[in-house]
There are 2 protein chains.
Amino acid sequence: MGTVRPDAQRRAGRPPQGVLSRTRITGAALELIDEAGYDGLTMSALARRLKVAPSALYNHAASKQEVLRWLQDHVMTMVDFSAFATEPWADAVRSWAWSYRGVFARHAPLVPVIAVLPVTDAADTLRMYEEVARGFLAAGWPEDRVVPAIVALESFIYGSALDVSAPSDIFDSGALAGEFPLFTSAVRSSTGSGGNAADAAFRAGLEGLITGLDKQLAD
Amino acid sequence: MGTVRPDAQRRAGRPPQGVLSRTRITGAALELIDEAGYDGLTMSALARRLKVAPSALYNHAASKQEVLRWLQDHVMTMVDFSAFATEPWADAVRSWAWSYRGVFARHAPLVPVIAVLPVTDAADTLRMYEEVARGFLAAGWPEDRVVPAIVALESFIYGSALDVSAPSDIFDSGALAGEFPLFTSAVRSSTGSGGNAADAAFRAGLEGLITGLDKQLAD
DNA sequence: ACCTGAACACCGTTCAAGT
DNA sequence: ACCTGAACACCGTTCAAGT
């Protein structure tokens, strides 16, 4: 009764100072994802966390897709590409790729978003590409083959990030096992050796790619 | 008035013979996707095309996710893996991978679905894995390394399928170009050489993977 | 310029009623 | 067993009204 509640309703109209910004929206989105996953990331939930009406978000972001783009650019800053400044090419690629996959395994729903996403104005993403390109050039890669090689590595990384979230029994052939004996047995013998299946596949593919790309360069 | 229209309304109650089935639903979904893309694939639109009420679909599929699973298994039959029966390992992998990427580039929204998708009861998918596994074993691969190698190739293929739908100016650094000179120049020199950028990256990565995996096997 | 509140056009899914 | 029709609980987004 007459007491001012700590988070009193804001009434309509322009507030004394802006309460929203790209930074605040991105930060709230990230918290929401950590707590409730990507299913929990709705414009309503985002607004609730920021203590605004859902429609207020549209004064800053043109669409939910734009929020996802901000998120992608921010998440990219979590990828560690520092090895390109110090390590030989193969070691730098290896440590960058493992970090990159780890980050996007926790943000798998961003992977399909990235594919359709122009890098324009994604400054943090460009910062990474610049440094990676520098590493490739320093290792003697011809300029016109740098981008295809990076894209090839990224395609493998994104596909592998999706694979991390696969259930461990994804290759359980169930009742049909009898019809597909070779594959069923191969699945059994690969899981039998212990360790994470997704990690084993990523290691095999990454080492293969590094070796193969290096050999392409030498020829 | 009183004339029987060709597609008269069906009244409630069990129809004389079933009008829906996994096969008919999958077929209609595929037609819908061809005409209107994955955005057009809603349960309502699917029901309309099958001339039933949306709720009727739930007598056959537990959810839209299950329809997508049927679709994935069907789409897998479009992948050509016949080369494993006749060609040497490297050639077979090459032709299978290009076919696989081509099919899923046209069905990119299925890619994230596949990741979470157990293969159980997906008979057509298992048929492919069985034949691919046979090819690897015949080429001398030790049984416990067959599945990781296949998964690595698939991760690359899925990531590359997403990359195909990327806009061609995806790496246009726009106003920020001046800050990232090495990458900007590398992008220019790789697109300058003409040809499809996604194809060049896929070729580079696939040839690298084939070479690298083959070398792993030899060691 | 930037907020609220009400509304809109969807979406996937459930369920009682019917045969 | 398997359909219809009505309903439910969301979703992203728009827009007039307010400061």
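Per chain, numbering begins at 1; letters A, B, ... match sequence-line order.
In this structure, CD in A:Gln65 is found 7.0 Å from CG in A:Leu117, a value given to the nearest 0.5 Å. How far CZ of B:Arg24 is from CG of B:Leu46: 10.0 Å, rounded to the nearest 0.5 Å.
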CA sep, side-chain torsions, deciding dist, call: B:Glu143, A:Arg188, salt bridge (charged side-chain N to carboxylate O under 4.0 Å, His left out): CA-CA 9 Å; B:Glu143 195 184 34; A:Arg188 200 180 346 260; over 6 Å; no
Is there a salt bridge (charged side-chain N to carboxylate O under 4.0 Å, His left out) between A:Asp73 and A:Arg127 once you walk through the steps? CA-CA 10 Å; A:Asp73 196 38; A:Arg127 224 179 303 285; over 6 Å; no
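A:Leu46 has its CG atom 12 Å from the P atom of D:dC11, to the nearest Å. A:Gln65 has its CD atom 12 Å from the P atom of D:dG12, to the nearest Å. The CG-P distance, from B:Leu57 to C:dT14, rounds to 13 Å in whole Å. In this structure, CZ of B:Arg48 is placed 12 Å from C1' of C:dC10, rounded to the nearest angstrom. At whole-Å resolution of the value, OH in B:Tyr58 and P in D:dC2 are 17 Å apart. Protein atom CE of A:Met43 is 13 Å distant from nucleotide atom P of C:dC3, rounded to whole Å. For the pair A:Leu41 CG and D:dG12 C1', the interatomic distance rounds to 12 Å; values are reported in whole Å. In this structure, A:Glu66 atom CD and D:dT13 atom P are separated by 11 Å, rounded to whole Å.
Here the nucleotide nearest the side chain of B:Leu20, chosen from C:dG12, C:dC2, D:dC3, is D:dC3.
Under 4.0 angstrom from either OP1 or OP2 of C:dC3 there lies no side-chain N or O belonging to A:Arg10. Between A:Asn59 and C:dC3 there is a side-chain polar atom (N or O) within less than 4.0 angstrom of OP1 or OP2. Applying the 4.0 Å criterion to OP1 and OP2 of C:dC3, one finds that A:His60 has a side-chain N or O inside that range.
Residue whose closest nucleotide on DNA chain D sits further toward the 5' end, between B:Val52 and A:Asp39: B:Val52. If B:Ser63 and B:Pro15 are placed on DNA chain C by their nearest nucleotide, the residue sitting closer to the 5' end is B:Ser63. Looking at which nucleotide of DNA chain C each of B:Ala12 and B:Thr42 is closest to, the 5′-most match is held by B:Thr42.
As the counterpart of D:dC10, no nucleotide is assigned, since no Watson-Crick or G-U wobble pattern has both distances under 3.5 Å. The partner of D:dT19 is C:dA1, judged by Watson-Crick or G-U wobble contacts that both fall below 3.5 Å.
At a threshold of 4.5 Å between non-hydrogen side-chain atoms, the residues A:Leu50 and A:Leu57 count as touching.
No hydrogens or angles were tested; on distance alone, a donor-acceptor pair under 3.5 Å links the side chain of B:Ser55 to the base of D:dG5.
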